[in-house]
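Nothing here was measured: the structure is a model prediction, and the numbers come from that model. To find a chain, count down the sequence lines: A is the first, B the second, and so on, and within it residues start at 1.
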Amino acid sequence: MLDKTFDPAAVEPRLYAAWEASGAFAPTDDPGAAPFAIVIPPPNVTGQLHIGHALNNTLQDVLIRFERMRGKAALWLPGTDHAGIATQMMVERQLAESGNIGRRELGREAFIEKVWEWKSRYGGAIVQQLRRLGASCDWSRERFTLDEGLSAAVRKVFVTLHKQGLIYRAKRLVNWQPQLQTAVSDLEVVNVEVNGSMWRIRYPIEGEAGRHIVVATTRPETMLGDTAVAVHPDDERYKDLVGKQVRLPLSDRLIPIVADEHADPEKGTGAVKITPAHDFNDFRVGQRHDLPLINIFTPDAKLNDAAPEKYRGLDRFAARKAIVADLEDLGLLEGVDANRMMVPYDEKSKLVVIEPYLTDQWWVDAATLAGPAIAAVEQGRTVFQPKVWEKTYFDWMRNIEPWCVSRQLWWGHRIPAWFAPDGTAFVEETEDEARAAARAHYGRDEPLTQDEDVLDTWFSSGLWAFSTLGWPNELKDVERFYPTGALITGFDIIFFWVARMMMLGLHFMGDAPFAKVVVNALIRDEHGQKMSKTKGNVVDPLELVDEYGADALRFTMAALSGQVRNISLSRQRIEGYRNFGTKLWNAARFCQMNGCERVDGFDPATVKHVQNRWIRGEALKTWRAVTDALEASEFAAAADELYRFVWNVFCDWRLELAKPVLAPGGEAAAETRAMTAWTLDLVLKLLHPMMPFMTEELWEKTASAGPPRDSMLIVAPWPQLPASYADPEAAAEMALVIAAISEGRSVRSELNVPPSARPPLLVTEAGPRERRILEANTAAIGQLLRVDGLRFDAAADGGAVPYLAEGAAFALPVAEFIDLAAERARLAKELAALAGDIDRTTKKLANPDFVARAPEEVVDENRERLADAQAARERLGAALKRLEGVG
RNA sequence: GGGCGGCUAGCUCAGCUGGUCAGAGCGCCUGGUUUACACCCAGGAGGUCGGGGGUUCGAGCCCCUCGCCGCCCACCA
């Protein structure tokens with residue numbers, strides 16, 4: 001006998017181990033099986049499972065379990081990302097905390113050794129946590145972005161793109177992270193609005209004593225690198241100054257006043273200082289006017305030797321203070337205003353201000369690669385779900401900038417470029433090849449040194465969809481599983497990851513890496529607030545698994561996944577779905593107690609009893625809805641349908657109505673038992689992708705009753721139900737029964753009580769309402785109610801049609817009439833509602849426009865509704881009158 | 001500055017191509033425990049679908065407009 005509740009803590013580890021040991025997670029070798037692969041969005045090795053992972057990986061698992069049951073060669077390929085910056089920062093911080101020497105003192109090799117050490121110790125955490133969720137990944141293929149195979153892919157891609165001219169080295173302004181002293185990409189910069197100041201500074205005009213031009217700036221320290229002042233060509237105020245020079249304060253350099261469209265007469269003073277080495281706009285202005293670039297910063301953003309001596313070595317913010325003070329002393333500070341402004345911060349720490357900085361870096365020509373990636377989505381070869389994200393994708397892709405892929409870090413893929421003493425770079429997959437290339441170039445051996453830099457983490461994850469399958473060395477699985485079936489991921493990495501996978505996948509494989517991108521919303525707390533450590537509203541998915549079980553969390557994730565932008569998660573919600581599991585568990589328990597065992601060779605097509613024909617049709621509908629929903633990756637729709645079917649159809653009605661049928665001596669009892677067991681089995685299968693543990697457990701627990709199970713549920717075939725299972729007649733009849741019973745209060749609680757033990761009955765007379773209930777329903781609930789006036793007429797098919805003689809005495813459960821006043825009020829209210837309905841419909845039908853112009857079926861529908869309402873009014877009116885008599 | 005999304009019961013949200021669309025879960029109120037389930041059952045209260053205009057025989061659902069809220073992008077001195 002099943003316990004009263006399911007005990008996830010006891011069951012989950014055991015079942016997971018059994019699944020894993022059985023090899024069920026690996027794709028079948030059956031050559032006839034259609035391949036279906038999902039590559040996991042690789043979490044950072046340093047990561048801990050958060051609620052977003054729980055959502056994302058639950059959906060992937062639902063999908064992969066579904067496709068596996070459907071007989072496909074389903075592969076869910078797991079792995080982790082080395083996460084260059086994040087991991088390096090974390091290990092560095094730990095070194096600092098434990099009082100070790102820093103990275104630089106340690107040296108590159110020793111430091112990387114430390115990181116690997118750290119990875120081997122803690123890197124397994126997140127994959128273990130995925131197992132707790134029930135993720136059915138093929139762990140035998142687990143990958144890491146720094147694995148040798150994936151590194152080979154990185155080298156090959158880099159070299160190929162370089163040879164194709166799509167990767168190049170260039171000296172440009174980059175987003176410089178001065179603390180880590182590395183370049184970062186545009187995406188790794190976040191702009192934050194802060195309170196700043198705008199200083200107005202007088203730049204004296206050379207040769208016109210006492211005259212000056214006032215420039216406005218939020219970053220006065222950069223004036224040390226100014227090489228011009230720009231004004232708009234049409235700006236009358238400054239027209240005569242164009243071509244003249246100013247004497248740059250503090251530096252005492254002469255710089256020109258140039259006319260450039262960039263200067264906006266509306267902004268600041270209309271005159272803008274130009275610092276080409278420290279501002280992206282000024283860089284472009286500088287190029288137009290052939291201005292020199294003066295870099296005034298060291299890599300850690302202190303002033304360098306290009307600055308006047310007194311400022312050298314000062315941090316940029318200290319320098320700002322000093323410069324403002326000095327300007328004030330010189331009487332060159334015209335004023336200062338408070339200013340709300342956007343300041344670029346480092347996306348990871350959100351603490352370090354990013355500095356535009358002139359360096360040599362490697363760039364990917366993203367605009368060229370973006371073309372096919374845009375076309376693939378335009379042509380629908382890859383679709384985003386929900387579709388609104390396509391616009392985001394297009395907007396970014398169509399305005400894409402060159403991608404800076406080099407990072408001045410140690411943890412990552414070292415760039416396969418070797419420099420000769422003259423600075424020439426030889427980009428090859430191996431040092432030997434580089435050497436050979438150099439020899440060919442120079443006609444002799446030259447000493448080569450490899451580029452110190454590593455690649456952006458997203459460069460290697462951009463290859464994930466095919467590098468994990470073995471490319472470039474082993475193509476068997478690439479051929480089999482690429483393109484993958486679907487990518488399920490969060491919207492926050494559409495640019496970082498999805499876009500790059502599209503570009504690189506199309507370029508190297510010729511095909512988009514996935515047919516569909518399912519984009520998840522961001523999970524927030526129950527009030528729609530973003531989860532954050534400072535707010536203290538972060539929920540740990542593993543705690544939720546401990547508390548409610550993995551199935552409850554998974555089902556919650558699936559059910560909430562329909563929310564497009566934000567998902568509000570509350571414990572109540574999870575509790576509700578945990579309760580759903582318990583409900584199913586108890587339904588199974590009920591089946592067990594009532595001997596509803598699977599019967600060998602049982603064919604639902606042959607059932608006779610109306611309830612059984614009905615539930616067969618309902619099961620068909622649900623099977624279809626769930627299958628369609630999962631096929632369309634509409635996880636929420638599948639979850640809702642199953643919730644509704646299990647609770648509101650199977651438990652509320654099927655099992656309740658079956659109770660009298662299952663009573664000893666019931667004619668249809670055997671058939672009903674078999675049908676109930678069959679339905680439960682179907683539910684277990686349909687629910688398995690979302691609630692794998694409980695369903696597998698029930699599958700196992702019901703194995704001994706009936707014919708033996710041939711396999712675990714995880715590899716059980718997805719059901720195939722014939723359309724002929726539908727039975728409109730039974731559906732109509734049962735709809736009537738359900739409606740009738742619904743009208744009678746407490747009838748359903750009566751169903752729980754054996755006839756002999758029912759409470760006292762009140763004898764009354766049959767009226768239209770009671771007749772309707774009983775006549776519609778005799779077969780199903782006849783034995784519930786003691787009926788004296790029940791008669792039977794011969795039916796055309798030889799059966800018997802029950803009817804209630806007018807005025808016959810009959811009995812209803814006393815609860816039905818226990819509160820006559822309430823019943824009267826209810827009827828009165830219903831009548832009022834009907835009156836409104838009748839009124840509205842009558843008016844509608846009286847409207848000639850409506851009758852003439854609305855579709856025929858709509859008009860007919862309204863006519864029917866009116867007739868029904870009028871009939872109901874009569875019926876209810878009579879019932880009310882009768883009740884008044886009784887009261 | 002540009003773009004996108006949202007504003008539907010106390011809360012969190014469903015409502016697909018305009019014609020039972022005014023819904024669900026939770027919360028709240030009332031009543032109910034002899035053997036599937038109190039993680040339960042039966043019932044109830046509660047919304048002029050952000051405001052205003054328009055199109056239509058008919059609009060949460062289409063158009064215009066206003067108002068909030070959120071997100072993304074952007075070089076604004």
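Each of A/F590 and A/E526 lies near RNA chain B, and the nucleotide nearest A/E526 is the one positioned closer to the 5' end.
When each of B/rC26, B/rA36, B/rC40 is scored by its nearest atom to the side-chain atoms of A/Q572, the top-ranked nucleotide is B/rC26. Looking at the side chain of A/D395, the nearest of the listed nucleotides B/rU35, B/rG3, B/rA77 is B/rG3. Distance from the side chain of A/R589 is smallest for B/rC37 among the nucleotides B/rG5, B/rG3, B/rC37. Candidate nucleotides B/rC71, B/rA77, B/rC4 were compared by shortest atom distance to the side chain of A/R524, and B/rC71 ranks first. The listed nucleotides are B/rC75, B/rA77, B/rG25; the one nearest the side chain of A/T218 is B/rA77.
Regarding the sugar-base torsion, B/rG46 falls in the anti class, its angle being beyond 90° of 0.
Contact annotation for A/M342: base contact, defined as any heavy-atom pair under 4.0 Å involving a base atom. At the heavy-atom level, A/N339 lies under 4.0 Å from the strands shown only through sugar-phosphate atoms. Across all strands, A/G549 comes closer than 4.0 Å to no nucleic acid atom at all (heavy-atom distances). Contact annotation for A/W199: no contact, since no heavy-atom pair falls under 4.0 Å across all strands. Note on A/S570: nothing from the nucleic acid sits closer than 4.0 angstrom, heavy atoms only.
Looking at residues 220-233 of chain A, you'll see that no heavy atom sits under 4.0 Å from any atom of RNA chain B. Only A/H262, A/A263, A/D264, listed by number, bring a heavy atom of residues 255-264 of chain A to less than 4.0 angstrom from any atom of RNA chain B.
The pair A/E697-A/K701 meets the salt-bridge criterion, since a charged nitrogen lies less than 4.0 angstrom from a carboxylate oxygen. With respect to A/D337 and A/R200, a salt bridge is recorded, a charged nitrogen being found less than 4.0 Å from a carboxylate O.
For the side-chain hydrogen bond (donor to acceptor under 3.5 Å, both in side chains) test, residues two or more places apart in sequence or in another chain that qualify with A/N566 are A/R524. When the ring pair (Phe, Tyr, Trp, His ring centres under 6.0 Å) test is applied to A/Y393, the partners found at least two apart in sequence or on another chain are A/F384. In this structure, the ring pair (Phe, Tyr, Trp, His ring centres under 6.0 Å) partners of A/F491, at least two apart in sequence or on a different chain, are A/W389. Judged as a ring pair (Phe, Tyr, Trp, His ring centres under 6.0 Å), and not counting sequence neighbours, the contacts of A/Y357 are A/W176. Under the side-chain hydrogen bond (donor to acceptor under 3.5 Å, both in side chains) criterion, A/E597 pairs with no residue at all, not counting sequence neighbours. A search for side-chain hydrogen bond (donor to acceptor under 3.5 Å, both in side chains) contacts involving A/E631 returns A/R70, not counting sequence neighbours. With sequence neighbours excluded, the residues forming a ring pair (Phe, Tyr, Trp, His ring centres under 6.0 Å) with A/F495 are A/W396, listed by chain and number.
The gap from the C1' atom of B/rG70 to that of B/rG58 amounts to 34 Å, rounded to the nearest Å. With C1' as the reference atom, B/rG67 and B/rG52 are 10 Å apart, rounded to whole Å. As rounded to the nearest Å, B/rG18 and B/rU12 have C1' atoms that lie 27 Å from one another. Rounded to whole Å, the P atom of B/rA59 lies 15 Å from the corresponding atom of B/rG50. Between B/rG51 and B/rG47, the two P atoms lie 14 Å apart (nearest whole Å). Between B/rG43 and B/rA24, the two P atoms lie 12 Å apart (nearest whole Å). The gap from the P atom of B/rU65 to that of B/rG27 amounts to 43 Å, rounded to the nearest Å. Remark: the separation of the P atoms in B/rC62 and B/rC68 is 23 Å, to the nearest Å.
None of A/Y548, A/F580, A/W585 except one satisfies the ring-ring contact (aromatic ring centres under 6.0 Å, His included) rule with A/F6; the exception is A/W585.
Regarding contacts with the backbone of B/rC41, a side-chain N or O of A/W647 is found under 4.0 angstrom from either OP1 or OP2. A close approach under 4.0 Å does not occur between any side-chain nitrogen or oxygen of A/N399 and OP1 or OP2 of B/rC73. Not one side-chain nitrogen or oxygen of A/K273 sits closer than 4.0 Å to the OP1 or OP2 atom of B/rA77. Look at A/K583 and you'll find a side-chain N or O under 4.0 angstrom from OP1 or OP2 of B/rC41.
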Can you give me every donor-acceptor pair (side chain of residues 638-647 of chain A, partner residue at least two apart or in another chain, under 3.5 Å) with its distance?
| from | atom 1 | to | atom 2 | distance (Å) |
| --- | --- | --- | --- | --- |
| A/E641 | OE2 | A/T622 | OG1 | 2.9 |
| A/E641 | OE2 | A/R644 | NH2 | 3.0 |

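Applying the salt bridge (charged side-chain N to carboxylate O under 4.0 Å, His left out) test to every pair with at least one member in residues 551-561 of chain A, sequence neighbours left out, gives these pairs: A/D61-A/R554.
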Extract from the structure each pairing of a protein N or O with an N or O of nucleotides 13-17 of chain B at less than 3.5 Å, listing the distance.
| from | atom 1 | to | atom 2 | distance (Å) |
| --- | --- | --- | --- | --- |
| B/rC13 | OP1 | A/S568 | OG | 2.7 |

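Taking each heavy atom of A/M531 and A/L569 in turn, the nearest pair found is CE-CD2, 4.5 Å.
Side-chain N/O atoms of A/E656 and base N/O atoms of B/rA36 include a donor-acceptor pair closer than 3.5 Å.
Between the NZ atom of A/K4 and the C1' atom of B/rC37 there is a distance of 7 Å, rounded to whole Å. Here the C1' atom of nucleotide B/rC26 and the CZ atom of A/F580 are 16 Å apart, to the nearest Å.
Across all strands shown, B/rG47 forms no Watson-Crick or G-U wobble pair with both distances under 3.5 Å. Here B/rC62 sits opposite B/rG54 as a Watson-Crick or G-U wobble pair (both hydrogen-bonding atom distances under 3.5 Å).
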Inset, instruction - Show your working on side-chain contact (heavy atoms from CB on, under 4.5 Å) between A/H262 and A/R284 and close with a plain yes or no. - result: CA-CA 9 Å; A/H262 167 65; A/R284 284 189 280 271; over 6 Å; no
